[in-house]
Amino acid sequence: MSTKPLANGKTVETYPLTQAQRFMFFVYKQFGNNSPVLNIGSGYYWKDDFRADLLKEALEEAIARCDVMRLRFTLENVNGNMQVMQYLVDDAETEVEEFDFSDMPYEESYEIMKGWTKQLIPMFDCPLNTVRLIRLADGMNGMYLKFHHLAFDGYAAKTFIADVMAIYLSKKCGRAYPKPMKSYYDAMMDEFKYLDSDQRKADRAYWMQFFSNESEPIFNDYLLEGNRLRKARKENPEQRFVSLYEGDHPESRTLMYEVSKEDSDLIMDLCEKKGLSIPCVLMLGLRTALSAFNDNQEDVSFKFMINRRGSLLAKKSYGNRWHFYSLRTIIPADLTFEQAVAAVEDAQSAVFKHCNFDTLEMYQVKHIAMKAGAITNTGTASYDSMTFSYHAPLDVPVENEEVKASTIGIWYNNDFSAQNMYLTVKHRANDNGFEFIFEYRTCENSAEDLKVLYPKIIESIMLGVKNPQITMGEILDQIKL
């Protein structure tokens, strides 16, 4: 911690990045090539007897209630090294602008807002976020938000939307005003306290022992003809890892698929009936499809995102709390679907118990502890071909069911990614159905492979949902390429 004089004559305390922020910034610097990979663009729109004046007031009040809107980053010389630090100012200085696209075709207004999302956010000593009131065609209205990923993750962005809507409906419908949000400063201090805690020492010891005892994983590609491990094994038949992130080509595109409400409800109903985890069912579908792509490999791993928002402080203080870990499961063919979900849950639970440990340091511990070929390779070596994240539905207040049915939530892709492949599964705002969003780097030419991968994911899940006692071998037989 140090201090920084501001232009207004005040002096503020500066703090290092948290562990989650450090990892995000590392990935940006290493693999983002100074592109807008840290931009989050989203929109939330609905149809009602719209009150623009009240929504603007709600946006302004939500900004004032959100500590992270006052967050700034700066470069500071620390022991001869320039480091990114953070501090809080007194005022957010975020003006709510209004844009009227009501006379414009939806596709045209979408491209305009996607263009906003692609504009690089100046990072140092200035406001980081953009909040705009939007009027769209066909009586749709709402908000466009552009957040910096070091200040907001996906959960935080949805929390902001929910707070705006609660304030808006308190003004429009006379509902109770929402309770205050929590302190970002307090949450940040909790993160720093962990660094010197006994829990951190225990977490490090756990991961050291875990990786020391673990056999070497194996890479499972989502590419078919371009399968990278098969290519690598032409030179080294025993190789189990692949080098990723080669070259400075972060340009990306997205493919989005919607699961029908009927199938989405079947999945969620089974989870409720059997006490199964929704994300674990989804991850089982992903690992089964990857297995099918790789000769029915039983040993499958990929990275997954952990939100780390178990406490009320963590849930209500915004910020970025994402940590990324490998999820490895070895599932034999004779396990039933229900047993396989339990195996994924067991693997996830083991990670959850020690998920506050720094992602960057965890990978260092992994390389120290594992007796694996990838240790001696470059920093691009990986056993994980892709990353998975699940966004649970957040309770965003609505005026009534008719308004809810009209509601849409939009993610505006910035067309750049620091990762080769990132699958996000979230829920639609109007009917709670699943959306699968694949973000892929264009340099890999993987779009055609994803058009095969997605149906295999859904097919494997629905086979298990309709018959939880079907074996994984039987599922693989039915979804074989």
Side-chain angles (χ1 to χ4, degrees), residues 39-46 106-107 110-111 113-114 117 136 140 142-145 147 149 152-162 165 222 252-271 277-290 302-305 307 322 386-396 398 403-415 417 419 421-440 446-447 449-462 465:
N39 293 12
I40 305 176
S42 59
Y44 189 81
Y45 311 103
W46 64 93
Y106 170 79
E107 294 76 14
Y110 174 89
E111 289 301 323
M113 288 184 276
K114 183 175 177 179
T117 304
L136 295 176
M140 297 290 285
M143 67 191 91
Y144 165 86
L145 310 169
F147 295 143
H149 224 328
F152 283 84
D153 56 26
Y155 182 95
K158 289 191 292 184
T159 300
F160 184 82
I161 291 170
M165 294 307 298
Y222 48 82
S252 72
R253 295 294 183 270
T254 57
L255 283 175
M256 197 264 285
Y257 297 94
E258 293 192 347
V259 183
S260 70
K261 175 172 173 51
E262 292 73 22
D263 283 351
S264 299
D265 286 344
L266 284 174
I267 295 169
M268 290 184 283
D269 288 346
L270 176 76
C271 291
S277 158
I278 291 174
C280 288
V281 169
L282 298 172
M283 288 192 287
L284 178 60
L286 172 59
R287 71 148 335 267
T288 306
L290 288 173
F302 49 82
K303 288 196 292 291
F304 77 122
M305 181 273 289
N307 215 353
W322 285 0
M386 61 186 296
T387 301
F388 171 89
S389 72
Y390 169 67
H391 292 224
L394 193 66
D395 187 17
V396 177
V398 293
V403 173
K404 181 177 181 179
S406 73
T407 302
I408 56 172
I410 297 176
W411 175 44
Y412 297 99
N413 182 36
N414 57 44
D415 284 348
S417 177
Q419 304 192 60
M421 177 66 64
Y422 195 156
L423 168 59
T424 299
V425 183
K426 66 184 188 71
H427 293 261
R428 293 188 293 273
N430 58 350
D431 67 1
N432 212 33
F434 293 112
E435 289 180 342
F436 280 64
I437 303 172
F438 294 87
E439 184 177 18
Y440 62 95
S446 55
D449 301 288
L450 297 179
K451 292 175 183 177
V452 180
L453 183 70
Y454 168 73
K456 300 300 180 186
I457 295 173
I458 294 302
E459 189 179 352
S460 68
I461 292 173
M462 297 312 299
V465 166

Next on the checklist: Angle between ring planes, Y110 versus Y412, binned at 30° and 60°: parallel, tilted or perpendicular?
Outcome noted: tilted
Checklist outcome for this item: dist F434:CZ -> E258:CD (nearest 0.5 Å) comes out at 13.0 Å
Item to check | Donor-acceptor pair, side chain of N39 and main chain of T117, under 3.5 angstrom | outcome: yes
Item to check | Note, K426 side chain near K158 side chain (heavy atom, < 4.5 Å) | outcome: no
Checklist outcome for this item: For D431 and K261 the tightest heavy-atom approach is O-NZ, 3.5 Å
Item to check | Spacing of CE belonging to M421 relative to CE belonging to M386, to within rounding of 0.5 Å | outcome: 6.0 Å
Checklist entry - Going from OH on Y45 to OG1 on T407, what distance comes out if it is rounded to the nearest 0.5 angstrom? => result 12.5 Å
Item to check | Pair Y222-Y440, ring pair (Phe, Tyr, Trp, His ring centres under 6.0 Å): steps then yes or no | outcome: CA-CA 11 Å; Y222 48 82; Y440 62 95; 9.3 Å; no
Checklist entry - Between F302 and L290, does a side chain to side chain contact (heavy atoms under 4.5 Å, CB included) hold up when you go through it step by step? => result CA-CA 10 Å; F302 49 82; L290 288 173; 4.1 Å; yes
Item to check | Any F388 side-chain heavy atom under 4.5 Å of V425 side chain | outcome: yes
Next on the checklist: Among residues at least two apart in sequence or on other chains, which ones pass salt bridge (Lys or Arg N to Asp or Glu O under 4.0 Å) with K404?
Outcome noted: none
Next on the checklist: Taking the side chain as everything from C-beta on, heavy atoms only, tell me whether W411 gets closer than 4.5 Å to T254.
Outcome noted: yes
Next on the checklist: Test of understanding: with salt bridge (Lys or Arg N to Asp or Glu O under 4.0 Å), list the residues that count as partners of D269, not counting sequence neighbours.
Outcome noted: none
Checklist entry - Of the non-hydrogen atoms in A289 and K456, which two are nearest, and what is the gap between them? => result CB-CB, 3.9 Å
Next on the checklist: Using the rule side-chain contact (heavy atoms from CB on, under 4.5 Å), only one of T424, L423, L450 pairs with F436; which is it?
Outcome noted: L423
Next on the checklist: Would the distance check show the side chain of K114 and the main-chain N or O of D415 forming a donor-acceptor pair, the cut-off being under 3.5 Å?
Outcome noted: no
Next on the checklist: Once rounded to the nearest 0.5 Å, what's the spacing between atom CD1 of I457 and atom CG of L286?
Outcome noted: 5.0 Å
Item to check | Closest contact, heavy atoms only, S264 versus G433 | outcome: OG-CA, 3.4 Å
Checklist entry - If you measure from CD on E439 to OH on Y422, what distance do you get to the nearest 0.5 Å? => result 9.0 Å
Next on the checklist: Run the salt bridge (Lys or Arg N to Asp or Glu O under 4.0 Å) test against E459 and tell me which residues pass, sequence neighbours left out.
Outcome noted: none
Checklist entry - About how many Å separate CE of M113 and CG of L145, when rounded to the nearest 0.5 Å? => result 11.0 Å
Checklist entry - Aromatic ring centroids of F304 and Y390 under 6.0 Å? => result no
Checklist entry - If you look at every heavy atom in A405 and N430, which pair is closest and at what distance? => result O-CB, 3.5 Å
Checklist entry - What closest approach, in Å, do I40 and F152 show between heavy atoms, and which atom pair accounts for it? => result CD1-O, 3.2 Å
Checklist entry - So, the side chain of S260 versus the backbone of D263: is there a donor-acceptor pair under 3.5 Å, distance only? => result yes
Next on the checklist: Does any part of the side chain of M143, heavy atoms only, come nearer than 4.5 Å to the side chain of M165, both counted from C-beta?
Outcome noted: yes
Checklist entry - Do the side chain of R428 and the main chain of V259 share a donor and acceptor less than 3.5 angstrom apart? => result yes
Checklist entry - How far apart are the C-alpha atoms of K451 and Y257, what are their side-chain angles, what is the distance that settles it, and do they pass the side chain to side chain contact (heavy atoms under 4.5 Å, CB included) test? => result CA-CA 10 Å; K451 292 175 183 177; Y257 297 94; 3.4 Å; yes
Item to check | M140 versus S406, closest heavy-atom pair with distance | outcome: CE-O, 3.1 Å
